[in-house]
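Heads up, the thing below is written out as structure tokens.
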Amino acid sequence: MTSSTCLTPQMFAGKSVFVTGGSSGINLAIARSFAEHGAAVAICARDADKLRSAIAELSQAGDGQALGFVADVRNDGAVRAALESAAHQHGPADVVVCGAAGNFMVRAEDLTPNGFRTVVDIDLIGTFNAANGAFEQLRATRGSLLFVSAGQAFVPFSHQAHAGAAKAGVENLMRNLALEWGRYGIRCNSIVPGPIAGTEGVRRLAADVGEEAWADMVPLGRFGTTDEIASMALVLCSPLASFVTGTTLVADGGLALTGSGRFNQALERACS
Ligand code: HXC
């Protein structure tokens, strides 16, 4: 294997990476992994306090040049401004990870139009805003887009009508951009994390079902770790995946193989 076809400690040295929603959970782990592998990393998030603490962590992991921008992905102007500032300091993005997401558990009949719209706005429109705002940079670098998706995009999960619809849109947007932007050398892929320990998503989704019962539904018998998702993100955005575009990498311990039946039943029992 040559250095361009295997993961090396500094394989993202000289590369500029931007992660939306990068102040916590899976997205922070992805940003940290890129920083650890030499990239100049920038993140955006809504909460200034969480952003500050993430930047401190990322600066320690990398070469101290991590950047943070307060920006809500629903605000296309704010995301575009953050992407432009990051490019000004780090150079045009080689990798853009669209990870910002919002979610809550609610029965479809109790979901208000504004609740539905809010999650679609963050997950789907926010993903488009970041991809669209990054296009010129990615065209210049022949870079890579990575969307953080979810199993709900493919299989309906109870209490997840809004998130499932939004993530299904994210998946189709990913394939559409891969199709249209391949001519510019831009690759676009998505990653589907299963239940990942310690994340806000799992905390919200497992509040009723219970973490133990849920872990038992995963063929590998446990939740994943944020680092396990970050490793796959590195691979997908690296030269190892240079001919991979329009694909979905499922890193869920096998959960998709079992469907959502047991989750839905456990939820119905817990909520009845
Ligand atoms: C029912 C709810 C609700 C709940 C909010 N809403 N929480 N409805 N049950 N638990 C409704 C509100 O009533 C309101 O509708 C609308 O949603 C907007 O709520 P706001 O609080 O005004 O929105 P906002 O302040 O913008 O906050 C966005 C949020 C919030 C998504 C609602 O939870 C948030 O900021 N989340 C970010 C963190 C997060 O969710 N992390 C987990 C991501 S995990 P009305 O009609 O009353 O005005 C994840 C991975 C899982 O996404 C993948 C699944 C696909």
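Each ligand, and each atom within it, is numbered from 1 in the order the structure gives.
For the pair L205 and P195, the minimum side-chain heavy-atom distance is 4.5 Å or more. You'll find the side chain of T199 reaches within 4.5 Å of the side chain of I26, heavy atoms only.
Ligand 1 has no N or O atom lying under 3.5 Å from any N or O atom of D123, backbone or side chain. Here's the thing with R204: one of its N/O atoms is less than 3.5 angstrom from an N/O atom of ligand 1. In terms of polar-atom proximity, defined here as any N/O pair under 3.5 Å, T112 does make such a contact with ligand 1.
In this structure, of F104, F116, F157, the residue bringing a heavy atom nearest to atom 4 (C) of ligand 1 is F104.
Contact annotation for atom 20 (P) of ligand 1: protein absent (non-hydrogen atoms, distance under 4.0 Å). Put simply, atom 9 (N) of ligand 1 has protein non-hydrogen atoms near it, under 4.0 Å away. Under the 4.0 Å distance rule, the nearest protein heavy atom to atom 50 (C) of ligand 1 falls outside the cut-off. Atom 12 (C) of ligand 1 is never approached by the protein to below 4.0 angstrom, counting heavy atoms only. At a distance under 4.0 Å, a protein heavy atom can be found next to atom 35 (O) of ligand 1.
Side chain of N264 to main chain of S260: a donor-acceptor pair is present (N/O by atom type, distance under 3.5 Å, no hydrogens or angles). Checked by atom type and distance alone, the side chain of T141 pairs as donor or acceptor with a backbone atom of Q137 at under 3.5 Å. For the pair R204 (side chain) and M105 (backbone), a donor-acceptor distance under 3.5 Å is absent.
Taking a cut-off of under 4.0 Å to the non-hydrogen atoms of Q152, the atoms of ligand 1 that pass are 54 (C), 55 (C). In the vicinity of E200, heavy-atom distances shorter than 4.0 Å reach the ligand 1 atoms 41 (N), 42 (C). Close approach of ligand 1 to Q160 is summarised as follows: ligand atoms under 4.0 Å from at least one heavy atom of the residue are 54 (C). Below 4.0 Å from some heavy atom of K167 lie the following atoms of ligand 1, by number and element: 55 (C).
Here the rule is side chain to side chain contact (heavy atoms under 4.5 Å, CB included) with I229, and of N27, V192, I196 only I196 fits it. Among I125, I122, N129, D123, the single residue meeting the side chain to side chain contact (heavy atoms under 4.5 Å, CB included) criterion with V73 is I122.
Nearest protein heavy-atom neighbour of atom 23 (O) of ligand 1: T118 CG2, 3.9 Å. Among all protein heavy atoms, the one lying closest to atom 43 (C) of ligand 1 is A101 O, 3.7 Å. Residue, atom and distance of the protein heavy atom nearest to atom 17 (O) of ligand 1 are G115 CA, 3.3 Å. Among all protein heavy atoms, the one lying closest to atom 14 (C) of ligand 1 is N114 ND2, 3.8 Å. Nearest non-hydrogen protein atom to atom 44 (S) of ligand 1 is G201 CA, 3.4 Å.
Under a cut-off of 6.0 angstrom, the local environment of CD in Q10 is crowded, with over 12 non-hydrogen atoms contributed by other residues, nucleotides or ligands.
Looking at R74 against ligand 1, only its side chain comes within 4.0 Å, counting heavy atoms. Contacts with ligand 1 closer than 4.0 Å are made by side-chain heavy atoms of A150 only, the backbone lying farther away. Contact annotation: for N103 versus ligand 1, heavy atoms closer than 4.0 Å belong to both the backbone and the side chain.
In summary, the aromatic rings of H90 and F18 are positioned with their centroids too far apart to meet the 6.0 Å limit.
By the 4.0 Å heavy-atom criterion, R46 is counted among the residues contacting ligand 1.
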Determine whether N103 and E200 satisfy the following criterion, side-chain hydrogen bond (donor to acceptor under 3.5 Å, both in side chains), listing intermediate values before the conclusion. CA-CA 9 Å; N103 197 7; E200 178 65 14; over 6 Å; no

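In the hydrophobic cluster analysis, where Ile, Leu, Val, Met, Phe, Trp and Tyr join through side-chain heavy atoms closer than 4.5 angstrom, V96 is grouped apart from L236.
Considering all non-hydrogen atoms of both residues, A130 and C98 come closest at CB-SG, 3.7 Å. Smallest separation of non-hydrogen atoms from Q160 and F104: NE2-O, 3.2 Å.
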